[in-house]
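Data block below; observations after.
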Protein chains: 2
Amino acid sequence: MCEEVGLYTIRDIARLAGVSVATVSGVLNNKPTIKPKLVARVKKAMDALDYHPDHVARSLRVRRTLTVGIVIPDVTNPFFTDVIRGVEQEAQSAGYSVILCDSNEDAELERRNLAILFSRRVDGVLLAPTSSPSAHESRMHQRFPIVVIDRVPIGFSGPAVMTDNFAAAHEGTRHLIKLGHRRIAIITGQLALSSGLDRLEGFRKALQEERLALPDEYLQHGDFQSESGYRCGLDLLRLPSPPTAVFSCNNKMTLGLMRALREVHVICPDAVSVLGFDDFEWSAYFNPRLTTIAQPTYEMGKQAMQLLLRRLQRSDGDQAGTETVLRLKAELRIRDSTAPPFCGGEEIKQFVDVSTQS
Amino acid sequence: MCEEVGLYTIRDIARLAGVSVATVSGVLNNKPTIKPKLVARVKKAMDALDYHPDHVARSLRVRRTLTVGIVIPDVTNPFFTDVIRGVEQEAQSAGYSVILCDSNEDAELERRNLAILFSRRVDGVLLAPTSSPSAHESRMHQRFPIVVIDRVPIGFSGPAVMTDNFAAAHEGTRHLIKLGHRRIAIITGQLALSSGLDRLEGFRKALQEERLALPDEYLQHGDFQSESGYRCGLDLLRLPSPPTAVFSCNNKMTLGLMRALREVHVICPDAVSVLGFDDFEWSAYFNPRLTTIAQPTYEMGKQAMQLLLRRLQRSDGDQAGTETVLRLKAELRIRDSTAPPFCGGEEIKQFVDVSTQS
DNA sequence: TTGAAAGCGCTACCAC
DNA sequence: GTGGTAGCGCTTTCAA
């Protein structure tokens, strides 16, 4: 029946209020030059018809959509949903809407999503890129402001906000070392991504500072997916001389690693300590409770959106502006999955300060 | 410098290809009446300029945006992100984009989000409503097709897709009963939501079938938030005669419940069994591994989007159509958090068939 | 088969 | 201060 309920236009309002469309438009845009009396009349008419201005028409006219796109590899990963939440919050309060695109860790899909977003004339984009080196060379990057989050492809330059992965990994590794571990392994992410490389480098640095070796077989190349954590974990545990501690570079891989541990009946932290990158609501309920490096996810989303908004503000012109890169500080959350090594075949010596957190 | 890169219009293409704009438009819309030769020429011109048609202008003209909105109470809840993933997938392959709105469990925000989506002239909306009874009376529900997911407010009628909560709760509770539990408590969600009420009813039914009592103090009213699970859990555990099993009606509340258990040093499942509604990737890594009722989340998202798309297809006219309600089947995943009751002060008798799953 | 022109709902300019 | 009107980029008659 009332299918076309409420599809009124500015002209309907104008007619009902007995003014011109220009006046109605003025009211919509809070033009201060319109007499209060008219404003009231127009508003009354709007209320009467429950009028909601057509954002599409407006966008076409003013050449701004008040819309941003966010392209992420996996909506299902709690890391990204926390980020999204921050973005959403910030967007809403600035009057923006956000179009969500899941690129499914697929560079081609990412490219296509960016094209779609361009067609839809979003004002800007937040992008957590896939690892494909070619993706960021797309022409889309010239089309609208992009703020990269979490991870930048090696060689990319432009505005970005992420965790200070180097420092975080360094701190986490130091925690392991202070516990007394000497044989420490790492399961890395893609090294073509800053988040992958920086974490490895922070890890390396901490080892070097203590003159600890990193045998090739302790350096396992993962890809941030659960499966790789599992596979690498298995490889490590089956080594003739397995590590006494493992640093897993993201939440998914930690999951895989824990599965591997369970499968070969290696008890954590008794036989091997586990330090995971990424914290999540459930970390404290694991068996054992997971020691993690918590990224400031929500904050990351907020900051990224704010950064993007600032770019959009700036006269909509020179996007070339400053190439801001924000590095947010992570937080080490020590729980039960890390402990001093258990008679690991080697010297368990020196005072072990478990409570250290610095 | 090249700020305005690629903002070409259909006229630019027409000029370059030496045809009229109508022809270009025809090519864009795959009109079969255009000579292949011209099509080729136009396409070449498009490629040359890397032309991407303005979706905004198109939307204004054809009065369809190929956009849907999804309004959910919490992007951060893995239940919803799995749903979103299903929606996204289905939307992408149908050429739709999705605008994400987090209503933060706030009825007023939900209402506002719906209004914004209407202004943006989305073709339809997927809505996981808050519990406020008034929300679904909004005029917005007359404006565009809405498919409700997960939970419908009591009294709502319209297309919806959700889990068969009654059956799922019934099956889960039977599992507890078969393990030998007699003193079984429940922590419910909002009973003004179908998901809250139906789970309670399924639970009740299973109890009644076995002539088991449900004392008032075993019926704890939660609100699907972690905090309420914690509070209700504490109340239950401090009862003079505490239950030997607790059924928690969603993932967040289960989390709170586990926290309560830990806090009062009650061992699960030795002292009390826990059955949680909602499964997630991490359930199997909890201490203990959680027995859960897994909803078909991804499927729910897919089905909901498909249902919506079908509505949109149907001549864009009679939305009044059938009031389809899909009830998807859940799956009981038995793990370690449920076990036979431990000399709970009462008779532990009869044969206990732990492996049952029917 | 192709092209010219009207118009989607809004804003912004200019004339009153 | 207010109103008439051109035009944002596209689709879609209708005429040629």
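Lettering follows sequence order; numbering is per chain, from 1.
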Show me the protein contacts with nucleotides 9-13 of chain C, counting only N or O atoms at under 3.5 Å.
| unit_1 | atom_1 | unit_2 | atom_2 | d |
| --- | --- | --- | --- | --- |
| C:dG9 | OP1 | B:Arg63 | NH1 | 3.0 |
| C:dG9 | OP1 | B:Arg63 | NH2 | 2.7 |
| C:dG9 | N2 | A:Ala57 | O | 3.4 |
| C:dC10 | OP1 | A:Tyr51 | OH | 2.4 |
| C:dC10 | OP1 | A:Asp54 | N | 2.9 |
| C:dC10 | OP2 | A:Ile10 | N | 2.4 |
| C:dT11 | OP1 | A:Asn29 | ND2 | 3.3 |
| C:dT11 | OP1 | A:Arg58 | NE | 2.8 |
| C:dT11 | OP2 | A:Ser25 | OG | 2.9 |
| C:dT11 | O2 | A:Arg61 | NH1 | 2.2 |

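Among the protein residues, A:Val56 comes within range of no part of the nucleic acid, since none of its heavy atoms lies under 4.0 Å from any strand.
Looking at A:Asp82 and B:Thr76, their side chains do bring a donor and an acceptor atom within 3.5 Å of each other. In this structure, a donor-acceptor pair under 3.5 Å is present between the side chains of A:Glu110 and A:Thr130.
Across the protein-nucleic acid pair, A:Lys35 atom NZ and D:dG3 atom C1' stand 14 Å apart, rounded to whole Å. Whole-Å rounding puts the B:Asn30 CG to D:dT12 P distance at 13 Å.
The shortest distance between side-chain heavy atoms of B:Arg41 and B:Val19 falls below 4.5 Å.
Take B:Thr67 and apply the side-chain hydrogen bond (donor to acceptor under 3.5 Å, both in side chains) test, not counting sequence neighbours, and it matches A:Arg120. When the salt bridge (Lys or Arg N to Asp or Glu O under 4.0 Å) test is applied to B:Arg85, the partners found at least two apart in sequence or on another chain are A:Asp74, A:Asp102.
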